[in-house]
Each structure stands twice: as structure tokens, then as C-alpha cells.
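Comments concern the structure below.
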Amino acid sequence: MITGIRGFLGSALARSFFQEGDTVCGTSSKGTGPASALPSEIKIARLALGDVVSSRIFEEIDYVIHCAHDFSPGAFEHNVEGTRRIFEAAKSSGVPLQAFVSSYSATPSSVTEYGRAKFELERFFEANAGVVLKPGLVLGSGGLGGRMLNTMRKSWIFPIPSGVRFPYVGLKDFVRTVRKIASTSQTGVHKIFYSDLTSFSEIAAAVKMDTGRPLFTIMVPVNTISFGLSAAECLLDRLRIRLPVRSDSFKSLEANQLTPGGANCGLLPTSHTTLQEVVSAAVRELDHAVFISS
Ligand SMILES: NC(=O)c1ccc[n+]([C@@H]2O[C@H](COP(=O)([O-])OP(=O)(O)OC[C@H]3O[C@@H](n4cnc5c(N)ncnc54)[C@H](OP(=O)(O)O)[C@@H]3O)[C@@H](O)[C@H]2O)c1
């Protein structure tokens with residue numbers, strides 16, 4: 001069972017487990033209707049973070065992967081309590097193993113609500129013999145990475161936050177690694193990103209190479225970008241308009257420069273696909289208009 005199964009990572013995991021012959025189901029706060037990114041055999045139950053959880057939905061479930069995350073500002077408690085509630089209901093229904101999709105930006109010194117919620121839940125899953133998956137930025141046709149690539153491939157000019165490097169992983173390698181972890185029933189924390197870091201300018205160069213279009217980049221200090229986005233959010237949040245990226249993502253990036261990611265996941269291929277290959281694969285998917293957005 002995959003929570004947040006309609007999302008970018010949830011749907012990619014679901015398709016992959018399904019193709020390998022597993023029986024897959026999932027949850028969504030949006031209800032039980034069909035999802036275009038998923039095979040029709042995959043059943044979806046309605047469940048929002050914070051809802052009362054019926055233990056009936058966990059009958060015959062061997063493994064839960066928690067992908068659901070509410071990215072709205074102020075949703076810290078909602079995410080932490082809501083995820084714990086689903087974990088407890090699944091555990092009391094006899095589900096033997098559960099994995100939580102955290103993030104490389106979850107650290108004891110996380111400055112953002114996102115990083116703090118993820119870190120709090122990591123500790124909870126660790127204390128309860130669960131599995132913690134810590135991906136870097138996942139590059140594919142959805143999520144934050146997909147939104148950035150989608151903008152870059154269509155733009156002539158792109159502001160680049162200067163001086164930040166971050167861990168990343170291609171969607172295929174992320175999915176393959178999660179499947180390996182699930183198949184071996186390993187518990188503990190798994191960092192899922194390549195050993196080399198990347199930057200926005202390297203990604204922009206790879207997009208430029210792939211599309212053959214000109215893409216001019218302007219270096220802007222990362223704190224200027226997060227300040228500008230914060231100011232815009234103050235106004236737009238009131239109007240319920242959501243920007244494609246939030247200031248929190250850049251605050252996290254800035255803070256994470258001081259706490260580098262550490263060892264990569266031993267389950268990733270040692271000589272991984274290059275950044276160019278990862279970016280090109282994502283751009284191809286975006287060309288075919290399969291941006292995954294919940
Ligand atoms: N993409 C990345 O690069 C990346 C990197 C590191 C970690 N992560 C983590 O991976 C997980 C999946 O991320 P993603 O990129 O796949 O994002 P996503 O596409 O936005 O998926 C998140 C899912 O959470 C569900 N959700 C949102 N609010 C909810 C609520 N109130 N109750 C229940 N479900 C809710 C949404 O499903 P419904 O609207 O259908 O309910 C959505 O499908 C997240 O926890 C994210 O923090 C992602």
C-alpha cells in the first residue's frame with residue numbers, strides 16, 4: 001500500500017511494483033476515482049492525513065510506503081500526527097513493515113517546517129523498527145525537480161541560485177532502490193542519492209544540451225531568491241495561489257550547505273547514469289506531457 005499514490009513518487013513506485021507482479025493499492029485524499037498515471041487494477045482508498053483511519057484498509061497488506069505529504073504552510077502537526085496515525089493503524093492491523101519517504105533535508109538542525117516534520121517522523125519510524133528512505137532531489141517528470149526541468153526546457157532565461165550544491169537521484173534509480181530495500185525487508189535509514197552532488201547550473205547546462213535551445217542563466221544569491229519567494233507567498237497564500245516552488249525549498253538548500261548529506265545508499269549502482277542521462281530521460285517524459293502533479 002502506498003499513501004499519496006497519485007503523486008509523483010507514489011505513482012512511479014506503484015507502477016513499478018505492479019509491473020513486477022506485486023498487488024498494489026494506495027490512498028489519496030482526493031478519493032477513489034481512477035488515476036491516469038496508474039493501471040486501472042490499482043485500487044485507491046480515500047484517506048487524508050489527520051482522518052480517522054479504518055484498520056480494514058490494511059487487510060492483507062504486507063508493506064506500507066508513506067509518500068503522502070501535505071506541503072501547505074502550517075501543516076507540520078498535520079503531517080506528523082496524520083502519518084503517525086496511519087502507521088499505528090497499520091501496525092495494529094498486523095502490517096509487518098512500513099517505510100517512510102523522508103528527505104535528505106531532514107536533519108536535527110533543519111530550519112524549515114518541511115525538514116523538521118520529516119526529521120520528527122524519521123525518529124518515530126526508527127524508534128518503531130520502520131524503514132526511513134532519504135532521497136535527494138528526485139529528477140523525473142514530477143515533483144520539485146520536474147517543475148524546475150519543465151520551466152527550464154521552455155524558458156530562455158532562468159535565475160540560478162548561486163553557490164548551492166545538493167544530492168540528487170534519477171527517478172528510475174530511486175524506484176529500483178526502494179524495490180530492493182522492500183524485497184530484503186531491511187529496516188533502518190537509507191540515503192538514496194548518488195555520491196556526487198549537483199547544482200542548478202549543471203542541470204541547466206544538461207537541459208540546454210538536451211533541447212538544443214538557448215537558455216541564459218543569471219546567478220542570484222540563494223537568500224535573495226528565498227526572500228523574494230517569501231514576500232510573494234505572503235500575498236499569494238492569502239489569495240490561495242500557489243507558486244510552483246516555495247521559499248522553504250531554498251531555505252533548506254541554503255541550510256543544507258552547512259550539513260552535507262553524508263554517505264550514499266549502498267544499494268545504488270556505483271557507476272550511476274550521468275546527470276545528462278537523468279535530465280534527458282526526464283525531459284523526454286515532459287515532452288510527452290506526463291508531468292505528474294497531485
Ligand atoms: N520529489 C522529490 O524530489 C522528493 C525528494 C525528497 C523527498 N520527497 C518526499 O517524497 C514524498 C512524495 O513526494 P512527491 O514529489 O511525489 O510529491 P507529490 O507529487 O506532491 O505527492 C505527495 C502526495 O501527498 C498527498 N497529499 C497531499 N496532502 C495530503 C493530505 N492532506 N492528506 C493525504 N495525502 C495528501 C497527495 O495526494 P492526494 O492529493 O491524492 O491526496 C500527493 O499525491 C513526499 O513526502 C516528499 O516530501 C520527494
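Hydrogens, waters and symmetry mates are skipped; everything else that's a heavy atom, side chains included, is used. First listed ligand is number 1; within each ligand, the first listed atom is number 1.
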Go through ligand 1 atom by atom and flag the ones less than 4.0 Å from a non-hydrogen atom of Leu9.
10 (O), 16 (O), 48 (C)
For Gly10 and ligand 1, does the shortest N/O to N/O distance drop below 3.5 Å?
no
Element-labelled atoms of ligand 1 that are located less than 4.0 Å from some non-hydrogen atom of Tyr114
7 (C), 8 (N), 9 (C), 46 (C), 47 (O)
Side-chain donor-acceptor distances from residues 224-235 under 3.5 Å, at least two apart:
from, atom 1, to, atom 2, distance (Å)
Ser226, OG, Val222, O, 3.3
Ser226, OG, Asn223, O, 3.3
Ser230, OG, Ser226, O, 3.0
Ser230, OG, Ser247, OG, 3.4
Ser230, OG, Lys251, NZ, 3.4
Glu233, OE1, Ser247, OG, 2.8
Glu233, OE2, Ser247, N, 2.6
Glu233, OE2, Ser247, OG, 3.3

List ligand 1 atoms under 4.0 Å from Gly4, heavy atoms only on the residue side.
23 (C), 43 (O)
Hey, is Arg85 close enough to Asp51 for a salt bridge, meaning N to O under 4.0 Å?
no
Is Asp51 near ligand 1, meaning one of its heavy atoms is under 4.0 Å from it?
no
With a cut-off of 4.0 Å, which atoms of ligand 1 are near a heavy atom of His78?
31 (N)
Ser29: numbered ligand 1 atoms lying under 4.0 Å from its heavy atoms
32 (N), 33 (C), 38 (P), 39 (O), 40 (O), 41 (O)
Is ligand 1 under 4.0 Å from a heavy atom in the side chain of Ser72, in the backbone, in both, or in neither?
neither
May I ask you to identify, for His66, whether its side chain, its backbone, both or neither come under 4.0 Å of ligand 1 on a heavy-atom basis?
neither
Is the closest basic N to carboxylate O distance between Arg246 and Asp237 below 4.0 Å?
yes
Can you confirm whether Glu41 is buried at CD, in the sense that more than 12 heavy atoms of other residues, nucleotides or ligands lie under 6.0 Å from that atom?
yes
Met209 atom CE, neighbour heavy-atom count above 12 within 6.0 Å:
no
Would you say His69 has any N or O atom under 3.5 Å from an N or O of ligand 1, going by distance alone?
yes
Give the cluster check for Leu38 versus Val178: same hydrophobic cluster or not, with ILVMFWY residues linked at side-chain heavy-atom distances below 4.5 Å.
yes
With distance as the sole criterion, is a donor-acceptor pair present between the side chains of Asp173 and Tyr194 under 3.5 Å?
yes
For Pro135, the atoms of ligand 1 under 4.0 Å from one of its heavy atoms are 6 (C), 7 (C)
If you measure from the Lys or Arg side-chain nitrogens to the Asp or Glu carboxylate oxygens, is any gap between Arg153 and Asp287 under 4.0 Å?
yes
Within-cut-off N or O pair, Leu49 and ligand 1, under 3.5 Å:
yes
With a 4.0 Å cut-off on heavy atoms, does Gly136 reach ligand 1?
yes
Report the part of Tyr104 (side chain from C-beta onward, or backbone N, CA, C, O) that has a heavy atom under 4.0 Å from ligand 1; answer both or neither where that applies.
neither
Ligand 1 atoms nearer than 4.0 angstrom to some heavy atom of Ser102 are 6 (C), 7 (C), 8 (N), 9 (C)
If you measure from each heavy atom of Gly142 to ligand 1, is any distance below 4.0 Å?
no
Give a yes or no on whether a salt bridge exists between Glu120 and Arg123, defined as a side-chain N under 4.0 angstrom from a carboxylate O.
yes
Phe166: which of Tyr104, Phe200, Phe193 passes ring-ring contact (aromatic ring centres under 6.0 Å, His included):
Phe200
Residues Val131 and Leu133: closest non-hydrogen pair is CG1-CD2, 3.9 Å
Would you check whether Gly146 reaches within less than 4.0 Å of ligand 1, judged by its heavy atoms?
no
With a 4.0 Å heavy-atom cut-off (strictly under), which part of Leu47 contacts ligand 1: side chain, backbone, both or neither?
backbone
Thr274 and Gln276: side chain donor to acceptor below 3.5 Å
no
One thing to verify: whether Glu277 and Lys172 come together as a salt bridge, which I'm taking to mean a side-chain N less than 4.0 angstrom from a carboxylate O.
no
With a 4.0 Å cut-off on heavy atoms, is Lys134 in contact with ligand 1?
no
Can a non-hydrogen atom of Gly145 be found less than 4.0 Å from any atom of ligand 1?
no
Close-contact set for ligand 1 against Val101 heavy atoms, below 4.0 Å:
9 (C), 10 (O), 45 (O)
